[in-house]
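Heads up, the thing below is written out as structure tokens.
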Amino acid sequence: MRETMKVLELDKYEIGIVINALNDLRNRLLNAKEDTEPVDEVLLKAIDAPEKKRPLVKCLTRDERKYY
């Protein structure tokens, strides 16, 4: 059976929240002397996730607009 994958589109603010939450969980696990390997893997995936470039939409200034 094939493993399913999910893709999330997160902006800079949202990825910061995810990374901070995973880091807090990792610190709690370290304090409890529990295994952090699964959290470490997900944290590294979040940090190393590729960025998707959005197309740049140029806004015209008042002088560049054409009036007919």
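Everything numeric in this text was worked out from a predicted model, so none of it was measured.
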_Where at least one partner belongs to residues 15-25, residue pairs that pass side chain to side chain donor-acceptor pair (under 3.5 Å), sequence neighbours excluded_ = none
*Under the side-chain contact (heavy atoms from CB on, under 4.5 Å) test, which residues partner I47, sequence neighbours left out?*
I19, L43
Would you mind writing out the side-chain donor-acceptor pairs for residues 29-36 within the sub-3.5 Å range, not counting sequence neighbours?
unit_1 : atom_1 : unit_2 : atom_2 : d
N31    : ND2    : N27    : O      : 3.4
D35    : OD1    : E37    : N      : 3.2
T36    : OG1    : D40    : OD2    : 3.0

*Can you tell me how far CE of M5 sits from CD of E3, rounded to the nearest 0.5 angstrom?*
7.0 Å
_Using every non-hydrogen atom in the two residues, find where L22 and A46 come nearest and quote the distance to one decimal._
CD1-CB, 4.5 Å
*Return the set of residues passing side-chain contact (heavy atoms from CB on, under 4.5 Å) with D11 (not counting sequence neighbours), or none when no residue passes.*
Y13, E14
*Would you please name every residue forming a salt bridge (charged side-chain N to carboxylate O under 4.0 Å, His left out) with K12, sequence neighbours left out?*
none
*Given the rule that I, L, V, M, F, W and Y join up when any side-chain heavy atoms are under 4.5 Å apart, are L44 and L8 in one cluster?*
no
